[in-house]
Every structure is written in structure tokens, then in C-alpha cells.
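Have a look at the structure below, then the notes.
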Number of protein chains: 2
Amino acid sequence: MTEKQELILSVALNLFAKQGFAATPTSQIAKEAQVSEGLIFRHFGSKEGLLQAILEEGQARVQAMVNSIAEETDPRRIITRVIDLPVQLIEQEREFWGLQFALKYSQKILPSKQQDTSVIALTKALYQAFDTLGYDYPDKETEFLMIFLEGLSSAMLTQDIQVNSLVRFVKVKYDLVQAQSSKKTQLQKV
Amino acid sequence: MTEKQELILSVALNLFAKQGFAATPTSQIAKEAQVSEGLIFRHFGSKEGLLQAILEEGQARVQAMVNSIAEETDPRRIITRVIDLPVQLIEQEREFWGLQFALKYSQKILPSKQQDTSVIALTKALYQAFDTLGYDYPDKETEFLMIFLEGLSSAMLTQDIQVNSLVRFVKVKYDLVQAQSSKKTQLQKV
DNA sequence: AAGCTGTTTGTGAGTAATCACTTACTCTTT
DNA sequence: AAAGAGTAAGTGATTACTCACAAACAGCTT
């Protein structure tokens, strides 16, 4: 991977996230990366090939974090880390996730099965955690939390929300941390 | 509004939702609507004007439903109807909402202040409902539910989930309906 | 009814600009 | 000297949009 190759990837990610894939011409990528347009096609074959390279690079980093969560044994730690995961990922790579979410709604782009397996692994870990903790409907509880986290990710990308206080609130609900005041807000388990 | 004008709007919505705004040429819209390409520009001025017309048309329908919820007085009915709203909207106009979500992540398109005011009105109604019911942190509770509903909408558009059972599960959590079995899963209020 | 007139609706053939991509070539590294 | 990295100048196809003109329709006067 040469310097210019990495530069192209980074500039392309930046522009795809900002303007959208279809609305970003390769000529603009070349110009801002200060390379010839032909180099993009030499390295990545096509504009779609460039997109795929960007997506695969980002996906590898996710996989590592997901695996680490799945190895966890303490159910409360699992739930905590699943909640923290999207927040960390988006704070680290906001542009990448903005692009991911934008692509999600255009049925043209293939979702690269790796992403599915990540989500499935996370779902399984969460289910076992809720089950171990004695929740009555661990499957629904899992689905509920996963969908909330999808909304949280979306909100982080499109609005500016106070993530920390909201995450704390959620953790209190799931009895993962103590409430700050004497009042209680947690979910009732049984 | 002539027949062909409505035809253009409907075909354009269909294609924008399926392929994305930038990836859909006006020539394709004209072809599938069986009108001359010039007619699109006669009626809507530009491709962006066409998009705006589509968005404004859909937004009017939302406003009516939101207003009706805000007039509600019973807090439990408010929460129930806020939860049901996105499900109904997406079931009625899946393509329109697919387009809305896709546009959300491309910073280019203006979000048409009307959408903001709808969300604000909904947020206010929800806050008052939670407050009336004696929830400890009605603001956090509101934010939490709104973000979950954003995730629910997203999930309805991109996966196929069993919405009904999930919505029921949520309503049990908020004590809006009875649990089917003797087990309890609802949120604890105080 | 019939004719006249102005406005709106609609068409088809343009247009310049831009698109993704290619090719012939040079430079750099080993 | 062989191979990959990099470039500049193209390529035809496609893009959003325009324009000159025709058809349809409305109202108004005979």
C-alpha cells in the first residue's frame, strides 16, 4: 500500500461521506488528493472498487472489537460493552459510519456479508447475557436494545446529542450502573 | 396539478428511493413516466426542484398526524400514538421514508424546517406525557424513546422485522398494555 | 355554434459540460 | 532491465438543462 494509495482512500472516504458516492466524481477525488485521475483506476480498477476498498478496510477494525466482546463472560459486562460499542466506533470514525448509513438505504450496494456476521455475533452475545440475567423475554429484549443502538448511532451522526448522559441513563435502566440520585429508573427484570 | 405532473412525481419518488437521488438521471424518469424529458423541467424547474416537490408533498401528510397527536390529553394515549406513528407512516409510504432516510446522511440536502417542527411538537407532547405520569427523568425518557423510534424506523426500512410483536413488547414496558403472560416486563416508574 | 386569442401543456431535437474510464507514455525502484 | 507507480491527454457516453415550436384548452365576442 503506497502513500498515494492511502491518500486516495482517505480523500475518497471524506468526499463520499460528505457528498454521497454517486455525487462524487473521481476527478474531484484526484484533484483533492493531488494525484492523476488515472491512478485511481490503476489501483482500484473502478469507482466501485474504490468504495469496496474503503468499506473493507473499515470492516476489519469492527470485527476485532466485536470478537473481543463475544469472548466476555460476565453478562453485565457484555451488555455494557455492546452499548458502548457504537458510541466508540462513531467517535473514532465518524465519516466511515456516515458513509455506511448512507449506503444502507440505497439498495444498490451489497452489504458485504462480514457486517451481517458482526451483527449476528453481537446479537447472540446479547441474548445470552439477557438470558443469564433472567430476563423474561431475552429475544425481545435483545431486539429492543439493538434497535435502540441503531437509532443512537443514527442520532449521533445526524443530530448533536449529549451521548454520555443518555448512555448513562440507559445503563441505569439495565441496572449496569448506579443511579446518581436516590431515585430509581431501572428496568424491572422479573 | 395535471395527470402527467403527478405521474412524474410518483415515478421520480420510486426511482429516487430505489437508486438514490444523484444516481437517477432525469432521462430515466422521463422514459418510465412516458413523458418528454423537457416536461420535467417545465413543471419543476430543475432536478432538485422535483425532489423538493416530492418532499413537500409527503411532509404535509405527516404534519396532520402529528397535530392530531399533540391535541391528545391522556398521557398514555399520547405515548401509544407516538409509538404507533412511525410504524403507520412507513407502512403507508415506505418509498417516501426510504428516500427521507437516505437524504438524511448526505449533508447536501436542506432538511426543510417543517420536519424539524414536527419532531419538536412530538418531543414536547411526549415530555409532558412522561412528566404527568411521574417519570423521574421525563427528558431522558423522551430522548430515549425518540431515539428508539428512529432505530425502529430504520430497521423497518432495511431489515424485515416483526414490528407488531416488538411494538407490543415496548408498550408493555411502558405499561400501556397488559402483558400476555403473568410475567412482567414493564419499566419501573418511581 | 363558430371563430378568434391568449395561456398552459407538451414535445423533440438540440447543447455544453461532465462523467467513468483508457491508453500511451515516463519515472522510480529493485 | 524488468516491473510496478505515476501521469497527461484523450475517449465515447451520459448528464442536466434549453429552446423553438406544436397541440390543447380556456374564455370572450359574434
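Every value quoted in this text rests on a predicted model; they were computed, and no experiment measured them. By convention in this document, chain letters (A, B, ...) are assigned in the order of the sequence lines, proteins followed by strands, and residues within each chain are numbered from 1.
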Could you list the residues that satisfy ring pair (Phe, Tyr, Trp, His ring centres under 6.0 Å) with F44(B), not counting sequence neighbours?
none
What are the residues of residues 25-33 of chain B, sorted by number, that bring a heavy atom to within less than 4.0 Å of DNA chain D?
P25(B), T26(B), S27(B)
Which ones in residues 4-14 of chain B lie close to DNA chain C, meaning a heavy atom under 4.0 Å from one of its atoms?
K4(B)
Hey, where on DNA chain C does chain A first and last touch, going 5' to 3'? Cut-off is any atom under 4.0 Å from a heavy atom.
dC19(C) to dT22(C)
Look at the rings of F169(A) and F144(B) and say which category their plane angle falls in: under 30° parallel, 30 to 60° tilted, over 60° perpendicular.
perpendicular
Derivation of the side-chain contact (heavy atoms from CB on, under 4.5 Å) call for L152(A) and I161(A)
CA-CA 9 Å; L152(A) 180 62; I161(A) 58 171; 3.8 Å; yes
Would you sort out whether Q63(B) and N67(B) count as a side-chain contact (heavy atoms from CB on, under 4.5 Å), showing the intermediate values?
CA-CA 6 Å; Q63(B) 198 69 43; N67(B) 290 341; 3.7 Å; yes
Can you work out whether L39(A) or T24(B) has the more 5'-proximal nearest nucleotide on DNA chain D?
L39(A)
Distance-only side-chain donor-acceptor flag, R81(B) / S68(B), under 3.5 Å:
yes
What side-chain donor-acceptor pairs closer than 3.5 Å can you find for residues 4-17 of chain B, not counting sequence neighbours?
| unit_1 | atom_1 | unit_2 | atom_2 | d |
| --- | --- | --- | --- | --- |
| Q5(B) | OE1 | T2(B) | N | 3.3 |
| N14(B) | OD1 | K18(B) | NZ | 3.3 |

Parallel, tilted or perpendicular for Y135(B) and Y174(B), by the 30°/60° rule?
tilted
Ionic contact status for D84(A) with K171(A), cut-off 4.0 Å
yes
Name all residues meeting the side-chain hydrogen bond (donor to acceptor under 3.5 Å, both in side chains) criterion together with R94(B); count only those two or more places apart in sequence or in a different chain, and write none if there are none.
none
Sequence neighbours excluded - salt bridge (Lys or Arg N to Asp or Glu O under 4.0 Å) pairs with any residue from residues 146-162 of chain B
K104(B)-E150(B)
Any residue meeting side-chain contact (heavy atoms from CB on, under 4.5 Å) with S165(A), in chain and number order, not counting sequence neighbours
Q162(A), K140(B)
Run the side-chain donor-acceptor check on residues 121-133 of chain A: report pairs under 3.5 Å with partners two or more places apart or on a different chain.
| unit_1 | atom_1 | unit_2 | atom_2 | d |
| --- | --- | --- | --- | --- |
| T123(A) | OG1 | V119(A) | O | 2.7 |
| T132(A) | OG1 | Q128(A) | O | 2.7 |

Using Watson-Crick and G-U wobble pairs whose two distances are both under 3.5 Å, how do you write the pairing of DNA chain D as dot-bracket, with | for links to another strand?
||||||||||||||||||||||||||||||
For F96(A) and E57(A), what are the C-alpha separation, side-chain angles and deciding distance, and is it a side-chain contact (heavy atoms from CB on, under 4.5 Å)?
CA-CA 10 Å; F96(A) 174 77; E57(A) 201 196 31; over 6 Å; no
Bounded by its outermost nucleotides with an atom under 4.0 Å from a heavy atom of chain B, the footprint on DNA chain D reads dT15(D) to dT18(D)
By ring pair (Phe, Tyr, Trp, His ring centres under 6.0 Å), which residues pair with F41(A), not counting sequence neighbours?
none
Please lay out, stage by stage, how L85(B) and L149(B) fare under the test side-chain contact (heavy atoms from CB on, under 4.5 Å).
CA-CA 9 Å; L85(B) 181 65; L149(B) 293 177; over 6 Å; no
